[in-house]
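Here the structure is a predicted model, which means the values were calculated and not measured.
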Amino acid sequence: MGTLLLVHAHPDDESISTGGVMMKAKAHGHRVVLVTATRGEVGEIYNMDEASSRPRLGEIRTEELKAAGEILGVDRIEFLGYRDSGMVDTADNKDPRSFHQAPLEDAAAKVAVVIRDERPDVVVTYAEDGVYGHPDHIKAHYVTNAALDLLEREGWAPRKLYYTAIPRSMMEAFISQMPEEAQRAQNTNMRIAGTPDELVTTRVDVHAYVDEKRKAFAAHVSQNDPNSWFATMADQIYELAFGTEYYQLVRGKPGSELPENDLFVGIS
């Protein structure tokens, strides 16, 4: 029936931004392949002891990703083997082992190996802003495109490439209703400007999967602040916020009039 391949930066990114389309693809008989650049070694730690967990956070988050992958219906998980880069201007960002510091050609070649093997119909990654400016998300954007350029020179291309999107108008409306804590985060190092509405080509209704999507993110135990607005959000609000996933088609042709209602629309 076809293959969906996603390139994400850290464990948990897949559940938050693309969990719905992953489960929908699986439910419709498609193969789901997840490429994750890092193991999230420098993420924050919740629900467990910091001192004992920090040295092995990469291992912990790897197991969390496997648990989330079971919920999301992932058929194959591949890690690129880079270290979490952390945020801009941190020591982790300058670590030569980090994804941010990896030579573009080397990282693209690793992604190309998986794409060449899977021959996906649809590829998904981030736009050039990395959603909120995280260096690893931005690097995933450039690495994925470089890998696809390499394969195109070999004479092959997926039917479609999408970037994850949050419509700017929706983001602005959502921010205005956030608790003060979340608004402060949005105005500092987690600023999300959103995708200009006119660039959003695809809106996928994932309400049928939203409960499982939330469970998949909950599987990332180390990343779930039990006191955050995200964790305490009422089910109805969560469904409203995350029951539709938005995408920007950047390579390939739309499979229907815009907005498309599925990533595989037009692909037989």
**Q** More than 12 foreign heavy atoms under 6.0 Å from CG of Asp211: is that the case here?
**A**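 Incorrect, the count does not exceed 12.
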**Q** Does NZ or CZ of Arg203 come closer than 6.0 Å to the centre of the six-membered ring of Tyr247, within 45° of the ring's axis?
**A**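 The answer is no; the distance or angle limit is not met.
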**Q** Compare every heavy atom of Glu14 with every heavy atom of His220, then report the nearest pair and how far apart it is.
**A**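 For His220 and Glu14, the tightest heavy-atom pair comes out as NE2-OE2, 2.8 Å.
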**Q** Mind checking what makes side-chain contact (heavy atoms from CB on, under 4.5 Å) contact with Lys24, not counting sequence neighbours?
**A**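 Checked Lys24 against side-chain contact (heavy atoms from CB on, under 4.5 Å); matches are His28, Val204, Tyr209, Asp262.
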**Q** Please verify the inter-ring angle class for His134 with Tyr132; under 30° counts as parallel, over 60° as perpendicular, anything in between as tilted.
**A**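 Perpendicular: the ring planes of His134 and Tyr132 meet at over 60°.
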**Q** List for me each residue that meets salt bridge (charged side-chain N to carboxylate O under 4.0 Å, His left out) alongside Glu245, sequence neighbours excluded, and say none if there are none.
**A**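 Listed in chain order: Lys213.
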**Q** Does CD belonging to Glu44 count more than 12 external heavy atoms closer than 6.0 Å?
**A**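 12 or below, so no.
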**Q** Name all residues meeting the salt bridge (charged side-chain N to carboxylate O under 4.0 Å, His left out) criterion together with Glu70; count only those two or more places apart in sequence or in a different chain, and write none if there are none.
**A**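 Not a single residue meets the salt bridge (charged side-chain N to carboxylate O under 4.0 Å, His left out) criterion with Glu70.
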**Q** Does the plane of the ring in Tyr82 sit parallel, tilted or perpendicular to the ring in Phe99? Use 30° and 60° as the thresholds.
**A**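 Tyr82 vs Phe99 ring planes: tilted.
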**Q** Are the aromatic ring centres of Tyr126 and His141 under 6.0 angstrom apart?
**A**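 Distance test on ring centres: not under 6.0 Å, no.
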**Q** Would you check if there is a donor-acceptor pair between the side chains of Thr90 and Asn93 at a distance under 3.5 Å?
**A**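 Thr90 and Asn93 do not have a side-chain donor-acceptor pair below 3.5 Å.
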**Q** Just by modelled atom types, is the Gly194 backbone N or O under 3.5 Å from a matching donor or acceptor in the Arg168 side chain?
**A**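 Yes, because the side chain of Arg168 sits within donor-acceptor range (under 3.5 Å) of the backbone of Gly194.
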**Q** Is there a salt bridge (Lys or Arg N to Asp or Glu O under 4.0 Å) between Arg97 and Asp84? Walk through the geometry before answering.
**A** CA-CA 8 Å; Arg97 300 169 296 171; Asp84 188 345; over 6 Å; no
**Q** Identify which one of Thr201, Thr202, Leu249 satisfies the side-chain contact (heavy atoms from CB on, under 4.5 Å) criterion when paired with Pro254.
**A**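 Only match with Pro254 under side-chain contact (heavy atoms from CB on, under 4.5 Å): Leu249.
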**Q** Go through the structure and list residues passing side-chain contact (heavy atoms from CB on, under 4.5 Å) with Ala112, not counting sequence neighbours.
**A**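 Arg116, Ala147, Leu150, Leu151.
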**Q** I need the single residue from Leu161, Ile115, Leu4 that forms a side-chain contact (heavy atoms from CB on, under 4.5 Å) with Pro120. Which is it?
**A**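 Testing Pro120 for a side-chain contact (heavy atoms from CB on, under 4.5 Å) against Leu161, Ile115, Leu4 leaves exactly one candidate, Ile115.
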**Q** Donor-acceptor pair, Thr38 side chain versus His10 backbone, under 3.5 Å?
**A**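 Flag not set: sc Thr38 to bb His10 has no pair under 3.5 Å.
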**Q** Asp12: which residues meet the side-chain hydrogen bond (donor to acceptor under 3.5 Å, both in side chains) condition with it, sequence neighbours left out?
**A**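 Residues passing side-chain hydrogen bond (donor to acceptor under 3.5 Å, both in side chains) with Asp12: Arg61.
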**Q** Taking a hydrophobic cluster as the set of Ile, Leu, Val, Met, Phe, Trp and Tyr residues connected by side-chain heavy atoms closer than 4.5 Å, whether directly or through intermediates, do Leu5 and Tyr142 fall within one such cluster?
**A**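 Leu5 and Tyr142: one cluster.
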**Q** Evaluate side-chain hydrogen bond (donor to acceptor under 3.5 Å, both in side chains) for Thr18 paired with His8, printing each intermediate quantity in order.
**A** CA-CA 10 Å; Thr18 58; His8 278 292; 2.9 Å; yes
**Q** Other residues, nucleotides and ligands only: do more than 12 of their heavy atoms fall within 6.0 Å of CD on Glu257?
**A**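 It does not: Glu257 CD has 12 such atoms or fewer within range.
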**Q** Tell me every residue that passes salt bridge (charged side-chain N to carboxylate O under 4.0 Å, His left out) with Arg31, counting only those two or more places apart in sequence or in another chain.
**A**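 Residues passing salt bridge (charged side-chain N to carboxylate O under 4.0 Å, His left out) with Arg31: Glu118.
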**Q** Going through the checks in order, is the salt bridge (Lys or Arg N to Asp or Glu O under 4.0 Å) test met by Glu152 and Arg251?
**A** CA-CA 12 Å; Glu152 190 170 319; Arg251 298 196 191 200; 3.6 Å; yes
